[in-house]
Number of protein chains: 2
Amino acid sequence: MLQTALKHHAAVKHKPTDNQLLNALSVEVQQRLLPHLELVPMPLGKVLYESGDVLRYEYFPTDCIVSLLYVMENGSSAEISVVGYDGLIGVALFMGGESTTSRALVQSAGFAYRLLGQRMKDEFNRHGELLHLMLRYSQALITQMAQTAVCNRHHSIEQQLCRWLLLSLDRLKGNHLVMTQELIANMLGVRREGVTEAAGRLHKQGVIDYSRGHITVTNREKLEALSCECYAVVKAETDRLLPACNNKPAPPKAPVTN
Amino acid sequence: MLQTALKHHAAVKHKPTDNQLLNALSVEVQQRLLPHLELVPMPLGKVLYESGDVLRYEYFPTDCIVSLLYVMENGSSAEISVVGYDGLIGVALFMGGESTTSRALVQSAGFAYRLLGQRMKDEFNRHGELLHLMLRYSQALITQMAQTAVCNRHHSIEQQLCRWLLLSLDRLKGNHLVMTQELIANMLGVRREGVTEAAGRLHKQGVIDYSRGHITVTNREKLEALSCECYAVVKAETDRLLPACNNKPAPPKAPVTN
DNA sequence: TGTTTTATGTGCGCTAACGCACAGAGTTAA
DNA sequence: TTAACTCTGTGCGTTAGCGCACATAAAACA
């Protein structure tokens, strides 16, 4: 009852076009969506979804703010981005990933319209296989970016170097890399000397060999152990989103190509 | 001639399906794309595009690595993500943004297949308005994430607090915010005391007033001046990608809804 | 061959941010 | 009015990373 009263009260001052995305749609599409949009309160601290949850709704804020943040294994966190009336929460739904590695938390109370994800997907599902594959890849890329942000905030140069080596090696299918410490420093956004020191420590521990622009990983297991969680998170999410790329003929459960 | 020899040599050992995304497509779609895929060398250090460039091609690496990195005004940089045979360079093209705020740099030499962007867009352009709007929004969100990563690496707590306040206020259409320093610290991934000190300094400079969970911006201009470039970058890119959201009837040049 | 260039190693002082501890000050509830 | 709780202010020792300067070593070149 309170709920209903609330909604009624809110309804008089909220309308879907308060959200910029809904407002940007043609009247035709707006009309099609309108019956499926439901105004819901967004109280401070509400968690729209946790890392790994399968999303059910798209949320279009009218006057609330929602933070996307990544929560680390030790509990500390970092905001990855912030969404208000300018956007929506739940890109993973139409991207095809169904879930993300982040948490969505209401940071400033207000209202939002929500739309059943299936409705949004119906709009998209007529479309091509290429599109859906590209969207899933984009989500994997987004995950990598988000994790980079987290890593920059919380982890040591040595940990980041480990992550970086692993990500690079995965893309070279080997254990050898042609790359100077100077360039790595540029990539990580740190001092060259910092990379030198970290590389020296890794060498002492028997994890890598290197000399003038060449790096060889001699103990990959240990490298993974010394890396922060960021590598594993990105790897797992990428594998989840794009699993069938090596054995395409029999794509597993997740409908990658559709 | 050298070029041709190179291609010939490469052609015998490279095939489009060396790229995971191309490999994941159905044979039917692969056949359709095949005539338009061109194998090109990717020498170390080659810049595929600079921040702001209009992209012309999608690149599908077979055995090279490409870094996406953001270059700051002072010239220092941070890698945002890394792409190899697992992905493609140029999501901004099919996302609809045409350009990004990052630079794409070949970090490990090799080859890639490229595809004229228009070809990819043709595949998508039959599809709906809703789709295209969502894709553009996703690109704006990606920009925000990328900038968060850069900001975490290079800027002081005070600068980040300024950025954060501005991003939040833009979504509240006001100059007042209900938020404790503790929560802000969680968002930024820093100590609460760090936020206290930064807020104190901002107050001394007459930029903000605050008390127990309330913050009011008294001098927005100065706040913007004290913020790092990250706020302006995100704002400009968001405005570019989603410009017509307020005055929809006459959408400007950039075809937001199409 | 010797000379230049480029990559790596190391030391040193400096600073921003951290972790911790605790003191006020405002707010809520008994 | 007290008491409990929450938010903010402040101090202090520690540390990771920075900026700079310079030494050494390997590769490229003339």
Side-chain angles (χ1 to χ4, degrees), chain A residues 44-45 72 74-79 107 149-165 176-205 207-216 226 228, chain B residues 44-45 72 74-79 107-108 149-165 176-205 207-216 226-228:
Chain A
L44 178 66
M72 298 199 300
N74 69 12
S76 61
S77 61
E79 185 181 61
Q107 179 211 104
V150 171
C151 205
N152 284 352
R153 160 66 58 229
H154 292 285
H155 299 136
S156 69
I157 292 184
E158 184 172 324
Q159 287 176 308
Q160 293 183 55
L161 177 58
C162 293
R163 169 183 64 89
W164 190 88
L165 287 172
H176 184 257
L177 197 76
V178 179
M179 177 69 46
T180 67
Q181 299 181 358
E182 176 87 46
L183 284 178
I184 295 177
N186 280 327
M187 298 297 163
L188 297 181
V190 301
R191 280 189 322 157
R192 194 267 313 163
E193 295 91 323
V195 174
T196 298
E197 282 169 18
R201 283 196 299 271
L202 291 182
H203 177 66
K204 258 186 206 133
Q205 299 177 67
V207 179
I208 62 173
D209 282 345
Y210 64 97
S211 74
R212 275 187 80 84
H214 291 260
I215 305 179
T216 305
L226 288 172
C228 48
Chain B
L44 178 65
M72 298 200 299
N74 69 11
S76 60
S77 61
E79 184 181 60
Q107 181 212 103
S108 179
V150 171
C151 204
N152 284 351
R153 158 66 59 230
H154 291 285
H155 299 136
S156 68
I157 292 184
E158 183 172 325
Q159 287 176 307
Q160 293 183 54
L161 176 59
C162 293
R163 169 182 65 89
W164 190 89
L165 287 173
H176 183 259
L177 196 75
V178 179
M179 176 69 47
T180 67
Q181 299 182 357
E182 175 86 45
L183 283 179
I184 295 177
N186 280 327
M187 297 295 162
L188 296 182
V190 300
R191 280 190 321 157
R192 193 267 314 162
E193 295 92 322
V195 174
T196 298
E197 283 169 17
R201 283 196 298 272
L202 291 181
H203 177 65
K204 258 188 205 132
Q205 298 176 260
V207 178
I208 62 173
D209 281 346
Y210 64 95
S211 73
R212 276 189 79 83
H214 291 259
I215 305 179
T216 305
L226 288 172
S227 171
C228 47

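Every chain is numbered from 1, with letters handed out A, B, ... down the list of sequences. Because the structure is a prediction, the values reported are computed rather than measured.
- Put simply, CD1 on A:Ile184 is 16 Å from P on D:dG17, counting in whole angstrom units.
- For A:Gln107, the side-chain hydrogen bond (donor to acceptor under 3.5 Å, both in side chains) partners two or more places apart in sequence, or in a different chain, are A:Ser67, A:Glu79.
- At distances below 3.5 Å, not a single donor-acceptor pair connects side-chain atoms of A:Glu158 with backbone N or O atoms of A:Leu202.
- Note: CG (B:Leu161) to C1' (D:dT8) measures 14 Å, nearest angstrom.
- Rounded to an integer number of Å, the gap from CD1 of A:Ile157 to C1' of D:dG19 is 13 Å.
- Rounded to whole Å, the distance from NE2 on B:His154 to C1' on C:dA16 is 15 Å.
- Judged by distance alone, the side chain of A:Asn152 and the main-chain N or O of B:Ala149 form a donor-acceptor pair under 3.5 Å.
- Rounding to whole angstrom units, NE2 of residue B:His203 and P of D:dT8 are separated by 13 Å.
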Quiz prompt | Heavy-atom protein contacts under 4.0 Å, nucleotides 3-15 of chain C, coded B base, S sugar-phosphate only, - none | solution = ---BBBBB-----

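- As rounded to whole Å, 16 Å separates atom C1' of D:dG17 from atom NE2 of B:His155.
- Judged by distance alone, the side chain of B:His203 and the main-chain N or O of B:Ile208 form a donor-acceptor pair under 3.5 Å.
- Distance NZ (B:Lys204) to C1' (D:dG9): 11 Å, rounded to an integer number of Å.
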Quiz item: Given the rule in the side chain to side chain contact (heavy atoms under 4.5 Å, CB included) test, do A:Leu177 and A:Trp164 qualify, once you have shown the distances and angles that lead to the verdict?
Solution: CA-CA 11 Å; A:Leu177 197 76; A:Trp164 190 88; 3.7 Å; yes

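- Side-chain atoms of A:Arg192 do not come within 3.5 Å of backbone N or O of A:Gln181 as any donor-acceptor pair.
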